[in-house]
2 protein chains.
Amino acid sequence: MRDVADRADVSKSLVSLAYRSPASVSPHRLERILAAAAELGYRPNRVARSLNGAREDFVGILVADTRNPVLTDVVESARATLADAGRLGLVTSAVLPSPSSGSALDVEVVAMLGDLQPSGLLVVGSVPDMDRVVEMTASARLVIASGRPGSRGGLATVRGDDEVGMRLVVDHLTALGHRRIGHVGGEGGPVAAGRASAFAGAMREHGLDAGAIAPSDFTERAGHRAASALLDSADPPTAIAAVNDLAAIGVLAAVAERGLSGTVAVTGYDNTYLAALGPIDLTSVDPHNDVIGRRAAELLLAPGHVPASDDGVLVAPSLAVRGSSTTVV
Amino acid sequence: MRDVADRADVSKSLVSLAYRSPASVSPHRLERILAAAAELGYRPNRVARSLNGAREDFVGILVADTRNPVLTDVVESARATLADAGRLGLVTSAVLPSPSSGSALDVEVVAMLGDLQPSGLLVVGSVPDMDRVVEMTASARLVIASGRPGSRGGLATVRGDDEVGMRLVVDHLTALGHRRIGHVGGEGGPVAAGRASAFAGAMREHGLDAGAIAPSDFTERAGHRAASALLDSADPPTAIAAVNDLAAIGVLAAVAERGLSGTVAVTGYDNTYLAALGPIDLTSVDPHNDVIGRRAAELLLAPGHVPASDDGVLVAPSLAVRGSSTTVV
DNA sequence: TTGTAAGCGTTATCAG
DNA sequence: CTGATAACGCTTACAA
């Protein structure tokens with residue numbers, strides 16, 4: 001910085017000022033400063049900036065699971081929104097596989113991010129030990145996207161409206177004439193639990209029996225097993241709504257094994273690119289992850305305090321109808 | 001740090017030393033220091049550490065595409081290896097979608113990472129503008145995993161051996177009796193080009209004609225179109241080796257549309273979880289991304305200079321045989 | 001606008 | 001092991 005100042009024949013302070021508030025530097029000196037910087041290949045050191053108390057002008061993005069396509073969709077959309085606003089988004093992976101509980105917060109990474117003093121923090125997905133995160137990044141405005149519903153009160157949250165999503169599914173299936181509809185899911189975390197109860201609620205709204213819920217988590221194998229149980233029961237459903245796309249693929253296999261393809265309708269959830277693949281062709285609820293990411297980034301960018309309503313922002317999903325649910329009963 | 005020193009009744013210097021080389025601090029003082037730190041909730045500020053010239057004891061991981069499952073597999077494996085060695089791995093997304101060329105280096109992120117003075121840098125995938133990256137992170141030892149083959153000379157590289165991979169495919173298919181084998185791929189970058197020429201080489205080794213290469217990139221749609229061209233030609237192949245799993249899924253669809261399922265063998269590449277899905281059941285080359293990630297991390301961890309052989313480290317793949325290629329001709 | 005000086009939290013050096 | 005001091009690259013406050 002001193003070199004730039006010398007070359008531009010101004011003071012070190014003015015160089016600093018030139019980057020932080022260019023407007024308050026006279027145009028001709030500003031130009032000289034930027035020219036000198038360009039010649040010297042100078043750019044302000046962001047780390048040094050972070051060292052003094054002031055919050056830095058960037059947003060940290062903490063991802064719970066880098067392999068989950070739902071989360072990476074949200075992340076990329078948020079990042080693009082931040083970039084459009086000229087704000088840097090630093091994505092980091094927050095979770096490390098642990099021998100004991102399967103996965104744990106990567107404390108070191110979060111600590112480092114906290115030391116960087118980001119002005120905002122976007123947590124994408126369900127990160128363990130949120131209390132720790134909040135504590136270590138106290139400087140930042142916090143928004144959670146696609147996280148555990150209602151895990152921590154008082155935190156701003158943006159997520160898909162699973163109530164509406166499941167209602168779309170049940171509306172669609174009943175419109176096709178289905179009455180005996182099963183659900184495969186409910187296990188593996190609060191998201192699954194929420195979708196199961198949303199399913200039950202939607203069924204009741206239609207005056208239908210919501211008893212046929214076969215426990216499954218988010219995996220293909222579990223979906224297959226749960227669907228097998230439903231299909232082999234005394235009163236098998238004519239349609240099955242799965243908790244996500246992967247489980248739905250397991251359901252499709254169970255249906256195919258019984259020669260029921262095209263007879264039993266199947267739906268997934270999340271509308272990942274899996275659902276659109278030719279051999280799969282799965283009707284699925286699209287939570288609009290891009291919108292979730294964008295809204296979350298906008299909350300972080302907005303001036304003032306982040307509104308921390310209890311429910312948070314709910315993004316309305318839509319239904320992507322495909323071949324797996326075209327049978328009319 | 002001063003507070004900890006006071007509480008533990010030692011000098012500030014010793015607290016610093018306690019964290020950087022615990023062995024050189026007498027056990028009983030060390031214990032007192034750690035106890036004081038725990039009570040005060042103190043941890044060394046990593047950012048302040050990075051500010052003075054010395055390289056920091058962590059590795060930055062730059063990912064070219066967070067949505068590419070091949071790359072995230074490599075990243076997670078590298079991260080786990082680093083964690084086992086007690087080394088922090090900070091994953092960041094290096095590429096931002098750009099209006100012009102589709103995607104561009106996120107210079108700000110790389111600059112920030114460079115300012116953090118990582119001791120090592122792992123670049124996963126093909127990142128644009130590597131010269132820029134090298135320049136901005138001069139402090140770090142650099143290793144590239146799963147990157148463009150031979151893009152930049154003199155850089156340490158770890159990647160899958162596509163020569164061997166394609167030979168495994170052709171060996172497998174010829175063992176099943178196939179003679180007319182087509183390839184779908186060759187477009188979309190140097191990886192595709194390399195696989196296409198590896199395919200041609202393997203065919204020649206078997207004394208077969210390698211002429212049937214239909215241009216396709218890594219997408220399902222392109223795979224479908226290319227396979228359609230092959231299958232509708234005068235002398236259609238009895239087996240098709242695709243450049244990756246997604247293109248292979250397009251190939252499967254083209255095969256199915258012509259009522260040739262079970263007759264025409266299909267193989268993919270990368271052995272992503274797609275290939276293992278029930279309705280897809282695709283034979284695929286497994287590049288062992290976990291090994292690639294681990295080897296890359298080990299290069300970074302090893303003492304001394306990173307060996308920068310021109311070819312770099314080649315990891316031998318294996319073949320995951322599934323239903324899509326069980327037909328015996 | 002300028003120049004000066006203090007401060008951010010650490011590490012490094014060095015004489016005691 | 002201590003204590004003091006300088007340095008890392010920047011921001012900020014203040015007096016000129």
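Note that these values count all heavy atoms, side chains included, but never hydrogens, waters or copies made by symmetry. To find a chain, count down the sequence lines: A is the first, B the second, and so on, and within it residues start at 1.
Applying the 4.0 Å criterion to OP1 and OP2 of C:dT2, one finds that A:Arg29 has a side-chain N or O inside that range. Contact annotation: A:Arg20 reaches the phosphate of D:dT12 (side-chain N/O to OP1 or OP2, under 4.0 Å). Regarding contacts with the backbone of C:dG9, every side-chain N or O of B:Arg2 stays at 4.0 angstrom or more from both OP1 and OP2. Taking side-chain N and O atoms only, B:Tyr42 has a distance below 4.0 Å to OP1 or OP2 of C:dT10. Look at A:Arg49 and you won't find any side-chain N or O under 4.0 angstrom from OP1 or OP2 of D:dC10.
Salt bridge annotation for A:Arg79-B:Asp106: present, with a cationic side-chain nitrogen under 4.0 angstrom from a carboxylate oxygen. The pair B:Asp57-B:Arg49 fails the salt-bridge criterion, with no side-chain N (NZ, NE, NH1 or NH2) lying under 4.0 Å from an Asp/Glu carboxylate O.
The side chain of B:Leu14 lies closest to D:dT2 when the candidates are D:dC10, C:dT11, D:dT2. Nearest nucleotide to the B:Pro44 side chain, out of D:dC1, D:dC8, C:dT10: C:dT10. Which of D:dC1, D:dT11, C:dT11 sits closest to the side chain of B:Val25 comes down to D:dC1. When distances are taken from the side chain of A:Leu51 to each of C:dT1, C:dA12, C:dG9, the shortest belongs to C:dG9. The nucleotide whose nearest atom lies closest to any side-chain atom of B:Ser16 is, among D:dA13, C:dT11, D:dT2, C:dT11. Minimum atom distance to the side chain of B:Asn45 is reached by C:dT10, of the listed C:dT10, C:dT1, D:dG9.
Summarising the local packing, CD of B:Glu31 is surrounded by 12 or fewer heavy atoms from other residues, nucleotides or ligands at distances under 6.0 Å. Counting non-hydrogen atoms of neighbouring residues, nucleotides and ligands closer than 6.0 angstrom, the CZ atom of B:Arg295 reaches no more than 12 such neighbours.
One can place NZ of A:Lys12 at 11 Å from P of D:dC8, the figure rounded to the nearest angstrom. In this structure, A:Leu116 atom CG and C:dG9 atom C1' are separated by 14 Å, rounded to whole Å. The distance from atom CG of B:Leu17 to atom P of C:dT13 is 12 Å, rounded to the nearest whole Å. Straight-line distance from the CG atom of B:Asp115 to the C1' atom of C:dT10: 16 Å, rounded to whole Å. Nucleotide C:dT1 holds its P atom 11 Å from the CZ atom of A:Arg32, rounded to whole Å. Atom CD in B:Gln117 sits roughly 18 Å away from atom P in D:dA7 (whole-Å rounding).
Side-chain polar atoms of B:Ser16 and B:Ser13 form no donor-acceptor pair below 3.5 angstrom.
DNA chain C is contacted by both B:Arg46 and A:Asp9; A:Asp9 maps to the nucleotide lying nearer its 5′ end (nearest heavy atom per residue). Position along DNA chain D of the nearest nucleotide to A:Met1 versus B:Val10 favours B:Val10 as the more 5'-ward residue.
Residue A:Ser21 is classed as having no contact, given no heavy-atom separation below 4.0 Å to the nucleic acid.
The base of C:dT4 sits within donor-acceptor range of the side chain of A:Ser13, with an N or O pair under 3.5 Å.
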*Verify side-chain hydrogen bond (donor to acceptor under 3.5 Å, both in side chains) between B:Glu76 and A:Thr66, making sure each step is shown before the conclusion.*
CA-CA 8 Å; B:Glu76 290 306 321; A:Thr66 51; 2.7 Å; yes
